[in-house]
Number of protein chains: 2
Amino acid sequence: MDLSERKLKILQAIISDYVRTAEPVGSRTLSKHPELGFSPATIRNEMADLEEMGYLTHPHTSAGRVPSDKAYRLYVNAMMEKKELSREEKIVIAERLKGSATEFEKTIEHAASILSEITNLTSFALTPKKTEDVLKYINLLPVDEDTVVLMIVSESGKVSNKAIQMNVPYTDENLQLLSKTMTYNYKGKTISQALTNNIIANFETDIVAMSGLAEDVMPNFMRTLEDMLNVNLYMEGLTNIFDIPEYSDLEKAKNFIHMLSQKEELTKKLIERDDGIIVTIGEENADDVMQDCSLITASYHVDGRLVGKIGVIGPTRMKYGEVTSLMEFLTDNLNNTFKLESGGNEDDE
Amino acid sequence: MDLSERKLKILQAIISDYVRTAEPVGSRTLSKHPELGFSPATIRNEMADLEEMGYLTHPHTSAGRVPSDKAYRLYVNAMMEKKELSREEKIVIAERLKGSATEFEKTIEHAASILSEITNLTSFALTPKKTEDVLKYINLLPVDEDTVVLMIVSESGKVSNKAIQMNVPYTDENLQLLSKTMTYNYKGKTISQALTNNIIANFETDIVAMSGLAEDVMPNFMRTLEDMLNVNLYMEGLTNIFDIPEYSDLEKAKNFIHMLSQKEELTKKLIERDDGIIVTIGEENADDVMQDCSLITASYHVDGRLVGKIGVIGPTRMKYGEVTSLMEFLTDNLNNTFKLESGGNEDDE
DNA sequence: ATTAGCACTCCGATACATTGAGTGCTAACA
DNA sequence: TGTTAGCACTCAATGTATCGGAGTGCTAAT
């Protein structure tokens, strides 16, 4: 089942040629490769073998060979070499990320820009899912006779709020009491814990509940917590696919763009992916509309806990080595950036 | 300079045929129109005149005629008839908008969805620019030893906030004093007024300023005000253009999508447009990349003051009558929705 | 003023020949 | 026995020629 040294070399050459040119590569071209000192005929034999084994395909009889998904998988697993970025590139990238360091979301957005610019693919970035963010402080503030503002502050520095229309008259004392009770009950809990353990039951016996205040406030509190879990999806380089030969077919381009326009679904797909750098190639993607794409995602961490994602999507024919190396560098950089800031002064909204 | 009755009829027929079929329309076809009982030859003469006057073009010698931008302009100004929506359509649309009435932004987003679904064009919706929103209440809340939350509430119900890292130690009294001073100074002012009249000078002599507190707070206050002016752009039906013959050319489709991906620029263009229903046709658009598109925007009002926009963009060949009627209905509906709520419980973020 | 008639133009579809890159196979070779 | 040269074959892509049809513009008749 193992491939001979020579077959591997040939396969690698085919992949790298094809990735570069997008044209099926033939035996003649390959025999000119410096690493492959064999005649076209020999290479043809090997290619026939490789095709039988499922690593290559044939668009039609008189065309060269094209790597299959299986070939790319082998390449990514075993043959691909990381392409370390040059010192200059690293500096430029780091600068660009740092240039917007005060604004959390901007930094993420820039990461996506960089990714699409360098790879010439479509990239995206997902802000962290705050499931594990810890509640710190809850307050209720009087505004009007019938309006109260609920404010929630979390460890990561996120501040959320909501104006609540009160059905029941309230007093400042009651508000304060409820704020304190809520803070006492929820402080130190993660958002997901707060959402699953509805502590409203505890209030039942309390004077606050008697006043009906909690009935007005708690549903809004829960909704606001849910809102806090929302993530933002940034996308860059959408039109890059028009320059990729694979998508010179209008129908294909349409499907691609249509898929990427479904932001909610896309977000869901991305969140579900495992941590670390994950490469899924062509048919490995569960999704029908992604059967001829490769998707690469990487996760970054804020404060070592909250997990966000960046990624690229493009044709299966892509420079896996370069892309993954770049993504590795980017996530490392993001991890560091968000570690130093360490829950500092982030931006709301 | 005026066009004869007959010429007008012919032009109208050409436009309506061309809008429907996207094919150049010839004299034969026209002579079969029930309204036009003339022979092809007669119609040809008239068409030649219309072409000379700039209302028609000729893709090539042996092709039918195509309306020019000038023709569309005439059509929109003088010939187009509003197409009242049916009672059922109105009900369905109103229901869809109401279904999300509690969430301001969702309502806007739905308006865009409806617009693109019915017109089969690309649509967008812009949340209102809050320049004229009036400040109501400003508060500073202690969180940490070195963290304070700034909270701003406006008449429209929008609540904004920002966590501030304090460089100077503060006391609760100082915070309260500063909150009160700020509220006193800014309450009743619009956001744009607050942004232009920097009242920080007034504080100079005040004890609060002495403590250095204001220096920490004011820049953040200003930044937050600016953030409050940010608008959101929703876009729907981006891929609809792939079904439009005009964009079966890959290059054109690319340019179109690329233009719409530049969200900031697009937002700026849209905001700048006058109120009411505005139609700009082809070359009337200042922008190079929009020379063969028509853009229709309409404004809706929240509380009669804040102005948001909805719109569609597509090929100059579009059903102006139907689209503008629909947009009129939508904006009327939005105006009412946001009037009844009257600064009620809107959503932050 | 309108229209029938006709020559003319030009696009688009169809058919056909040509080219060239590449294959698979066989037989010769080291 | 593995490698290679040679050769017939395949097939997409390209170019060329032809033809039909839709539509025009002009002229002459009504």
Side-chain angles (χ1 to χ4, degrees), chain A residues 2-11 13-15 17-18 20-68 71 245-246 248-250, chain B residues 2-11 13-15 17-18 20-68 71 245-246 248-250:
Chain A
D2 270 344
L3 293 174
S4 70
E5 187 73 14
R6 197 167 70 180
K7 282 198 173 58
L8 281 175
K9 269 195 179 154
I10 290 176
L11 190 55
I14 292 176
I15 291 176
D17 258 42
Y18 183 70
R20 195 163 40 77
T21 63
E23 298 288 331
V25 359
S27 54
R28 254 183 95 78
T29 323
L30 281 175
S31 79
K32 284 176 194 154
H33 244 261
E35 304 233 352
L36 304 172
F38 314 97
S39 77
T42 311
I43 292 176
R44 278 204 290 279
N45 284 330
E46 296 286 46
M47 290 202 295
D49 290 351
L50 284 168
E51 180 158 3
E52 221 162 71
M53 293 186 237
Y55 291 105
L56 295 177
T57 4
H58 229 179
H60 59 265
T61 333
S62 69
R65 295 315 210 285
V66 169
S68 67
E246 275 86 339
S248 59
D249 177 33
L250 206 61
Chain B
D2 270 344
L3 294 173
S4 70
E5 187 73 14
R6 197 167 72 182
K7 281 196 173 59
L8 280 176
K9 268 196 179 151
I10 291 177
L11 189 56
I14 292 175
I15 292 177
D17 258 43
Y18 183 70
R20 194 163 41 78
T21 63
E23 298 288 331
V25 0
S27 52
R28 255 184 94 79
T29 324
L30 281 175
S31 78
K32 284 177 194 152
H33 244 262
E35 303 233 354
L36 304 172
F38 314 98
S39 78
T42 313
I43 291 176
R44 278 205 289 281
N45 283 329
E46 296 287 47
M47 290 202 294
D49 289 351
L50 284 168
E51 181 159 3
E52 221 162 71
M53 293 186 239
Y55 291 104
L56 295 177
T57 5
H58 230 177
H60 58 264
T61 333
S62 70
R65 296 313 209 288
V66 169
S68 67
E246 275 87 339
S248 59
D249 176 33
L250 205 62

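All values derive from a computational prediction rather than experimental measurement. Keep in mind that the numbers below use all heavy atoms, side chains included, and drop hydrogens, waters and symmetry copies. All chains are named by letter (A, B, ...) in the order of the sequence lines, taking the proteins before the strands, and each is independently numbered beginning at 1.
Across the protein-nucleic acid pair, B:Glu23 atom CD and C:dC10 atom P stand 19 Å apart, rounded to whole Å. Between the P atom of D:dT3 and the CG atom of A:Leu36 lies a distance of 13 Å, rounded to the nearest Å. A:Ile10 has its CD1 atom 13 Å from the C1' atom of D:dG2, to the nearest Å.
Residue pairs meeting the salt bridge (Lys or Arg N to Asp or Glu O under 4.0 Å) criterion with at least one member in residues 38-48 of chain A, sequence neighbours excluded: A:Arg6-A:Glu46, A:Lys7-A:Glu46. Counting only residues at least two apart or on different chains, no salt bridge (Lys or Arg N to Asp or Glu O under 4.0 Å) pair has a member in residues 26-37 of chain A.
Every residue meeting the side chain to side chain donor-acceptor pair (under 3.5 Å) condition with A:Glu246, not counting sequence neighbours, appears here in chain and number order: A:Arg317. For B:Ser39, the side chain to side chain contact (heavy atoms under 4.5 Å, CB included) partners two or more places apart in sequence, or in a different chain, are B:Ala41, B:Thr42. Remark: A:Asn45 engages no residue in a side chain to side chain donor-acceptor pair (under 3.5 Å) (not counting sequence neighbours). By the salt bridge (Lys or Arg N to Asp or Glu O under 4.0 Å) test, A:Arg20 pairs with A:Asp17, sequence neighbours left out. Residues satisfying the salt bridge (Lys or Arg N to Asp or Glu O under 4.0 Å) criterion with B:Glu51, sequence neighbours excluded, are B:Arg65. With sequence neighbours left out, B:Ser248 forms a side chain to side chain contact (heavy atoms under 4.5 Å, CB included) with A:Leu250.
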Protein-proximity profile, nucleotides 16-30 of chain D, B/S/- by nucleotide at the 4.0 Å heavy-atom cutoff, equals ------BSBBB----
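For the helix from C:dA1-D:dT30 to C:dA30-D:dT1, the end axes, each set by the C1' atoms of five terminal pairs, are bent relative to each other by 20° (nearest 10°).
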Between the protein and nucleotides 28-30 of chain C, are there any N/O to N/O pairs under 3.5 Å, and if so, what are the atom names and distances?
none

